[in-house]
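For reference, positions follow the sequence shown, starting with 1. Whatever order the structure lists them in is the order used to number ligands and atoms, beginning at 1. Just so you know, these numbers come straight off a predicted model, no measurement behind them.
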Amino acid sequence: STASEPLVLSEKSSSGKVIILRLNRPKALNALSSPLFDQLNIELEKADADESVGAIVLTGSDKAFAAGADIKEMKDKDFATTYKNNFLGTWTRIGAIRKPIIGAVSGFALGGGCELAMSLDMLLCTPGATFGQPEITLGIIPGAGGTQRLTGLIGKPRAMEMVLANRKIDGKTAEAWGLVSRCVAEGEDVVAEAVKIGDRIAGYGAVAVQAGKEAVNGSLELPLEQGLRLERRLFQSLFATKDQKEGMSAFAEKRKPVWSHL
Ligand code: CO8
């Protein structure tokens, strides 16, 4: 990409309710440089604040979702400066996005690219997708969820093989192992499929959607008893929303609900 071309492209779906963000460093296979990640955070936060948007789709190119953190940028770094400047620490900002983010992975999702994908709320991929954590080949280990989220998703023996032996897996295997919710058929448009899910989500009440995301994420962070309490409290609090009144009245009156997102 040229210097003037944005590192992250943003467009609205035809319904206008889904934002599609596209990583755009094609010559570097979308290697996640600091400027690219800063731009991604800005675009995600913009989409999160846009009242007309119900869900976000994040994708890359056909060849690469992202081939990892930028190795050329990292190569000469030392501990003191990475620590003082919190190198790659801004990656956690994605965890504060309240709207659902659906990843659509084609091609390489390696290292930080695989970790970025796993930090999203739902993942679709193509049969030709390649997931891997090749950090061991560089003399390091994953640093943004590649040992923690991966293990939770696919289990310890498979995670160990990917992290320690650089085992790479294709899209069908990623589906079989539970890394993605669906591997689309050969030739099917993975971004279009992700947008369909986004449009479905955008058709529901935004407050309940946000609460559902918060509650599911709570299960990854909290012991069961606290997670169940969070879920119950969020559930109870939704009885203070207009959308709960509307949703249940519409059911009783056998009509479609009209959400106010309030
Ligand atoms: N960083 C920088 N540049 C890259 C990267 C990368 N991760 N991946 C590819 N590129 C560049 C190549 O250098 C090349 O540039 P140039 O044309 O200037 O030489 C261009 O993209 C095209 O790549 P290739 O010519 O290598 O393309 P191939 O189709 O032959 O190979 C591969 C594709 C197999 C994906 C290969 O490029 C590759 O192995 N890339 C590196 C994959 C990798 O090791 N990723 C892990 C990086 S480490 C990491 O992600 C740690 C994250 C820690 C996060 C911590 C947060 C706190």
Side-chain angles (χ1 to χ4, degrees), residues 1-3 5-9 22-42 44 58-97 101 103-120 123 125-154 158-171 173-174 179 190 220-221:
S1 64
T2 63
E5 207 179 325
L7 294 166
V8 179
L9 303 173
R22 204 178 277 279
L23 304 177
N24 185 41
R25 265 191 97 195
K27 283 182 190 142
L29 302 181
N30 290 333
L32 302 162
S33 61
S34 297
L36 186 153
F37 223 91
D38 290 345
Q39 196 56 43
L40 177 60
N41 279 328
I42 288 168
L44 285 168
L58 178 62
T59 193
S61 67
D62 287 346
K63 177 139 197 234
F65 177 74
D70 190 319
I71 299 167
K72 291 163 190 166
E73 180 185 350
M74 287 186 288
K75 186 167 108 11
D76 297 318
K77 287 204 183 293
D78 60 51
F79 167 72
T81 47
T82 56
Y83 187 52
K84 280 196 294 183
N85 301 332
N86 194 20
F87 176 57
L88 299 183
T90 55
W91 282 35
T92 58
R93 271 165 62 186
I94 199 166
I97 302 296
I101 312 173
V105 175
S106 290
F108 298 110
L110 299 177
C114 187
E115 294 173 304
L116 171 60
M118 289 188 292
S119 73
L120 307 178
L123 275 183
C125 73
T126 61
T130 304
F131 295 88
Q133 298 289 164
E135 285 89 343
I136 199 76
T137 69
L138 300 167
I140 57 169
I141 67 166
T147 68
Q148 306 299 299
R149 288 197 182 95
L150 184 67
T151 307
L153 288 168
I154 69 175
R158 288 165 170 169
M160 286 286 189
E161 198 179 332
M162 289 180 74
V163 171
L164 303 182
N166 189 26
R167 165 93 184 264
K168 294 189 176 69
I169 59 171
D170 64 13
T173 308
L179 185 55
V190 69
L220 296 174
E221 292 160 11

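Scanning the protein for heavy atoms near atom 13 (O) of ligand 1, the closest one is Lys72 NZ, 2.9 Å. The shortest contact between atom 42 (C) of ligand 1 and any protein heavy atom is with Ala67 O, 3.3 Å. Regarding atom 23 (O) of ligand 1, its nearest protein heavy-atom neighbour is Leu29 CD1, 3.5 Å. Among protein heavy atoms, atom 7 (N) of ligand 1 sits closest to Ala69 O, 2.9 Å. For atom 51 (C) of ligand 1, the nearest non-hydrogen atom of the protein is Glu135 OE2, 3.5 Å. Closest to atom 17 (O) of ligand 1, if we only count protein heavy atoms, is Lys27 O, 4.5 Å. The closest protein non-hydrogen atom to atom 4 (C) of ligand 1 is Ala28 O, 3.8 Å.
A distance-only check finds a donor-acceptor pair linking the side chain of Asn30 to the backbone of Ala64 [under 3.5 Å]. The closest donor-acceptor contact from the side chain of Asp70 to the backbone of Lys72 lies under 3.5 Å. Under the 3.5 Å distance criterion, the side-chain polar atoms of Gln133 are left unmatched by any main-chain donor or acceptor of Gly146.
Within 6.0 Å of CG on Asp38 lie more than 12 heavy atoms contributed by other residues, nucleotides or ligands.
Between atom 43 (C) of ligand 1 and the options Gly111, Pro134, Gly143, the minimum heavy-atom separation is to Pro134. Of all the listed residues (Ala109, Gly68, Ser33, Ala31), Ala31 holds the heavy atom that lies closest to atom 5 (C) of ligand 1. Considering only non-hydrogen atoms, atom 41 (C) of ligand 1 lies nearest to Ile71 out of Leu88, Leu110, Ile71, Asp70.
Of the protein's heavy atoms, at least one falls inside 4.0 Å of atom 1 (N) of ligand 1. Atom 36 (C) of ligand 1 is never approached by the protein to below 4.0 angstrom, counting heavy atoms only. Of the protein's heavy atoms, none falls inside 4.0 Å of atom 26 (O) of ligand 1.
Atom CD of Glu135 and atom CD1 of Ile71 lie 9.0 Å apart (nearest 0.5 Å). Annotation: the span from Phe65 atom CZ to Leu120 atom CG amounts to 5.5 Å, rounded to 0.5 Å. Taking CD of Gln39 as the start and OG of Ser34 as the end, the distance is 13.0 Å to the nearest 0.5 Å. In this structure, OG in Ser119 is found 14.0 Å from CD in Gln148, a value given to the nearest 0.5 Å. Atom CG of residue Leu23 and atom CG of residue Leu7 lie 9.5 Å apart, to the nearest 0.5 angstrom. In this structure, the separation between CZ on Phe37 and OG1 on Thr90 is 6.5 Å, given to the nearest 0.5 Å.
When heavy-atom distances to ligand 1 are checked against a 4.0 Å cut-off, Leu138 comes that close only through its side chain, counted from C-beta outward.
Annotation: Gly112 places an N or O atom under 3.5 Å from an N or O atom of ligand 1; distance criterion only.
Residue Glu73 places every heavy atom at 4.0 Å or more from ligand 1. Using a non-hydrogen distance threshold of 4.0 Å, Lys63 registers as a contact of ligand 1.
Under a 4.0 Å criterion applied to the non-hydrogen atoms of Glu115, ligand 1 contributes the atoms 52 (C), 53 (C), 54 (C).
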> How far apart are the C-alpha atoms of Phe131 and Met118, what are their side-chain angles, what is the distance that settles it, and do they pass the side-chain contact (heavy atoms from CB on, under 4.5 Å) test?
Replying inline: CA-CA 10 Å; Phe131 295 88; Met118 289 188 292; over 6 Å; no
